[in-house]
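A short worksheet on the structure shown next.
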Amino acid sequence: MTFTAIIDFTVGLMLVGAMLLMLVRLFIGPTLYDRVLAVNAFGAKIVLFLAVFALAVGRADSLDIALLYALINFVATIAILKFFSYRSLEVALDDMKPARPRDDAGEGV
Amino acid sequence: MTRKWLYGVTLTLVLTALWALLSGYGLKQPLLSLGVFSIVVTVWMTIRMGLLDGESTPYLRLRYLAYWGWLAREIVKANIAVLRIVLAPVIEIKPVVTRTPVTLTDDVARATLANSYTLTPGTVTMEIEEGGFILHGLDESFCGQEGFRTFERKVKAATGERGA
Amino acid sequence: MDWMSVLQFAVHLVSAALMLTGAGIVLAGAVGVIRLPDFYTRMHAAGMTDTLGAELIILGLILQAGFTLVSVKLALLGLIIFLTSPTATHAVANAAYRSGLKPLLRRWRSDENREDAA
């Protein structure tokens, strides 16, 4: 094993440890938003792991997967939040405009 | 109308460069038709959704680079403070919710400012209102008003604040 | 050992230091997500320490890969993370705030009674 391979392996292992902690938060997280946050952070760590993996095994293909995962992770977070805020994904941009919440929307969760 | 054409051409050029880079072939023959197809569809959809304006055209203002350098230092400093709190044997914090007035009117400048507050750990922008942002701070020590003023001044200098 | 290989080794050493620091920061942020008391405080640890850790790891990988197409893709990945991460954190915080989730606002110590930490 070369020097860089050992470093890559160590960093990958640390990222897997962080991912496991995120899974713990995902399962015990008391509110919905804790879980969304955990999923988002988990995805960020997956992206990093893919990047490290790409260089560790010398397959640049998984970098493309990492790029896609980073973009889809973002879109997924926004989509989940939009769905749970409006109970629908078909709300037009103009209907979301009012910057202040209506008073009757304060309850829930 | 001419500005709209300019934005469209810029977007097409940037997308072409991105495709040539990511495909790994450059602009050579294999899969070129697929690349042209995807670029045309993307530009058409952007126009159809009415998103084609100065914000959607990816370009970098050089003044931003100096700002990013300054921001990076702030991020590192705040990160060390947060890590010290998190890794202490006994965590002792007093979270605060605070409101900071913002006088910027330009959309890009306001978005940059809100994202900068969020990027420095210890403060997260929770709500954006007309005259100010509502921030959540991990501890009182992150929420000094003069720190917020420094951020706003730097953003104002970086974007030039062209007005609304 | 000629000069080129010494330089190569130095670059690898710097890259290793960057990557290990970044991974350490990511791990510390994950520990913070487990230890902190409520959603809004966890958000600080999860979202933002991750960003610095991610950028450091990617910087280390760029040094390790040298001047190739791989580095360009890594730089693009770093830019995407830098731009999307604060937006995602703000979106989560904003959704929680608008739905009326109450933040913890008093002084909190991790060794006192824990049941009120939602």
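Here is the naming used below: chain letters follow the sequence lines, and residue numbers restart at 1 for every chain.
Other residues, nucleotides and ligands contribute more than 12 heavy atoms inside 6.0 Å of the CZ atom of Phe82(C).
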Next on the checklist: Show, in sequence, the C-alpha distance, side-chain angles and deciding distance for Phe49(A) and Lys45(A), and conclude whether the side chain to side chain contact (heavy atoms under 4.5 Å, CB included) test is met.
Outcome noted: CA-CA 6 Å; Phe49(A) 184 80; Lys45(A) 287 166 186 59; over 6 Å; no
Checklist entry - Passes side chain to side chain contact (heavy atoms under 4.5 Å, CB included), Tyr97(C) versus Tyr40(C)? Steps please. => result CA-CA 9 Å; Tyr97(C) 178 69; Tyr40(C) 290 102; 4.0 Å; yes
Item to check | Verdict with reasoning, Ser99(C) to Tyr33(A), per side chain to side chain contact (heavy atoms under 4.5 Å, CB included) | outcome: CA-CA 10 Å; Ser99(C) 79; Tyr33(A) 302 104; 3.3 Å; yes
Next on the checklist: Using the rule given for side chain to side chain contact (heavy atoms under 4.5 Å, CB included), can you reason through Leu21(A) versus Val33(C), listing the C-alpha separation, both sets of side-chain angles and the distance that settles it, and then say yes or no?
Outcome noted: CA-CA 8 Å; Leu21(A) 290 177; Val33(C) 172; over 6 Å; no
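For chain A, the option among Leu61(C), Val70(C), Leu13(C), Leu20(C) with the highest count of heavy-atom pairs below 4.5 Å is Leu61(C). Contact tally against chain C (heavy-atom pairs below 4.5 Å) for Ala70(A), Ala44(A), Ala18(A): the top residue is Ala18(A). The greatest number of non-hydrogen atom pairs below 4.5 Å with chain C, out of Leu67(A), Asn40(A), Leu13(A), Val36(A), is found for Leu67(A). Heavy-atom pairs under 4.5 Å with chain A were tallied for Ala46(C), Ala54(C), Gly53(C); the largest tally goes to Ala54(C). Looking only at heavy-atom pairs under 4.5 Å with chain A, the residue among Thr68(C), Leu69(C), Thr89(C), Ile34(C) that has the most is Ile34(C). Of the listed residues (Ile58(C), Asn94(C), Leu76(C), Val92(C)), the one with the most heavy-atom contacts under 4.5 Å to chain A is Val92(C). Comparing Val47(A), Asp8(A), Thr77(A) by heavy-atom pairs within less than 4.5 Å of chain C, the highest count is held by Asp8(A).
Of the atoms belonging to Asp64(A), it is side-chain heavy atoms, and not backbone ones, that fall under 4.5 Å from chain C. Only the side chain of Leu81(A) comes within less than 4.5 Å of a heavy atom of chain C; its backbone N, CA, C and O stay farther away. In this structure, chain A has a heavy atom under 4.5 Å from the side chain of Ile80(C), while its backbone stays farther away. Using a 4.5 Å cut-off between heavy atoms, Leu77(C) touches chain A through backbone and side chain atoms alike.
Sorted pairs that involve residues 16-37 of chain C and meet ring-ring contact (aromatic ring centres under 6.0 Å, His included), not counting sequence neighbours, are lacking altogether.
A heavy-atom distance below 4.5 Å is not found between the side chains of Arg25(A) and Arg35(A).
Side-chain atoms of Arg42(C) come within 3.5 Å of backbone atoms of Pro37(C) as a donor-acceptor pair (strictly under, hydrogens ignored).
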